[in-house]
Protein chains: 2
Amino acid sequence: MEIYKNEKRQRYLEEYSIGYLFTFRIDEFLEVHEYKRDEWIIQEGTRPDFLFYVIEGKAKIYVTHQNGKVSLINFINEEDFFGEMELLNPIYYTKGVQASTKTVCFAIPFHRCRAKMLEDATFLRELAKFLSVKSTQMAAKYTQSLSFPLENRLADFILQTADGEVYKEKHVTVCDFLGVSYRHLLYVFAQFCDKGYLQKEGRRYRILQPNELNGLARVLMNE
Amino acid sequence: MEIYKNEKRQRYLEEYSIGYLFTFRIDEFLEVHEYKRDEWIIQEGTRPDFLFYVIEGKAKIYVTHQNGKVSLINFINEEDFFGEMELLNPIYYTKGVQASTKTVCFAIPFHRCRAKMLEDATFLRELAKFLSVKSTQMAAKYTQSLSFPLENRLADFILQTADGEVYKEKHVTVCDFLGVSYRHLLYVFAQFCDKGYLQKEGRRYRILQPNELNGLARVLMNE
DNA sequence: TCCGCAATATGAGATATCTCATATTATTGT
DNA sequence: ACAATAATATGAGATATCTCATATTGCGGA
């Protein structure tokens, strides 16, 4: 982890200003942190000292279960907060957050800003909006996972994450995210290839029939 | 649905004051609504006109999927909000909310209070806290549902909802909540009885070995 | 009181998904 | 450049869960 100082810090503060999210002057409190790919930004089970706001890169939220299984709860993208649970709730089991790519965040120190943030209607409104979206998404994912087989959820995931007509996510990550075994994930990929929806190219897949995938994915949605 | 007026309304305002959740005077805006058991408080897919706060009774949030399956997303209990998604997000697919028992709520009209609420740091802080807990719970339920078989989740549910050593939830509701088929739910209940954890009494179950259930349930938790 | 619907129950067969074992490739650190 | 580790791949067998068919039981409304 690297902390940007002076001009470099200043450059980020100007380029990615988040002043509009607050009523008070936040800039003087902001630290700018850079994390390398695969670096853990927050360790599972420990309490972070900052509220984070992602400005470049992306990250993943993980939890480890008692049976050793790991779940990828969600992806964190640019303009997302994390660490907000610890800001609001005195007791909370902290999930692990790992950078998927080089990631630059604003880090807002709790000890200097907690009180101010918790009094700031502008910030709280944005935070509440962010949380309501997050909670809705989780609820949707939850009910979908219980109501539809992997086929549908995977079709959706492929379309969401494809880069043009090329899909190239790592299977191991997807297993944790969709909550299925590696073996089963491959079965369903094989089916999609058999049916001609996808074509395997090395370790990527080319989407040949997006409409078919769309049909499978659309079934999930209404929300 | 019945709207309490005059003295009856006044009595509720005094007995269950929620003034502490707001900086501005909320009382004059509050309506007091009573819903009968099984009545729909919010219709799925329509926009409500109120933010609700439950003072007596409980309710259930439902969503209907395209394949006809119904998911019970969550229970709403006393002191919970609902309708907050519609307060914060201009576009949102509204879930259905149904009273499980006779339910009395404060109903805060959007058209008169939205602007005030969205400026009120006290209210927004409470709302953010409520949402963060909700979102955390959903995330937990989501990952648990993907990581553990029904056996564990049902054990937890039985202990959470049992009245002393008697469990008496309706199977059909539990199916929607835990996202499993009626058939499978009964299989697992039969297993619990076989193993001597539960004993069937008419259409209730007596918990004979809470420790065994606890062992199954504890595996879920770390959060 | 009786009818009809909702809830409960149970069997049989299908399928979605998991576990484990074992190979074969990438990728990464030194 | 090589060894170690992570990721991909595939088979075989188990099990968690679903669908559908069919009965039985409880309960609220006419």
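So that the names make sense, note that chain A is the first sequence line, chain B the second, and so on, each numbered from 1.
Taking CZ of A:F50 as the reference point, atom CG of A:L30 lies at 11.0 Å (rounded to 0.5 Å).
Using a cut-off of 4.0 Å between Lys/Arg side-chain N and Asp/Glu carboxylate O, A:K195 and A:E151 are scored as salt-bridged. A:E169 and A:R204 are not joined by a salt bridge, as no carboxylate oxygen comes within less than 4.0 angstrom of a charged side-chain nitrogen.
The base of C:dG11 is paired with the side chain of B:R183 by a donor and an acceptor separated by under 3.5 Å.
Comparing atom distances between the A:V172 side chain and each of D:dT8, D:dT19, C:dT17 picks out D:dT8 as nearest. Considering only side-chain atoms of A:H184, the nucleotide from C:dA9, C:dC18, D:dC18 that sits closest is C:dC18. Comparing C:dT28, D:dC18, D:dT8 by their nearest atom to the side chain of A:Y182 picks out D:dT8. For A:Y205, the listed nucleotide lying nearest its side chain is D:dA9; candidates were C:dT8, C:dA16, D:dA9. Between C:dC18, C:dA26, D:dT17, one nucleotide has an atom nearer to the side chain of A:R203 than all others, and that is C:dA26. Distances from the side chain of B:K170 to the nucleotides C:dA26, D:dC18, C:dA7 place C:dA7 closest.
Where A:E169 and B:S181 meet DNA chain D, the nucleotide closest to each residue was compared, and A:E169 sits on the side nearer the 5' end.
Between B:F157 and B:F177, the ring planes lie tilted relative to each other; the angle falls in the 30° to 60° range.
Between B:H171 and C:dA6 there is no side-chain polar atom (N or O) within less than 4.0 angstrom of OP1 or OP2. Within the structure, a side-chain polar atom (N or O) of A:R37 is placed less than 4.0 Å from OP1 or OP2 of C:dT28.
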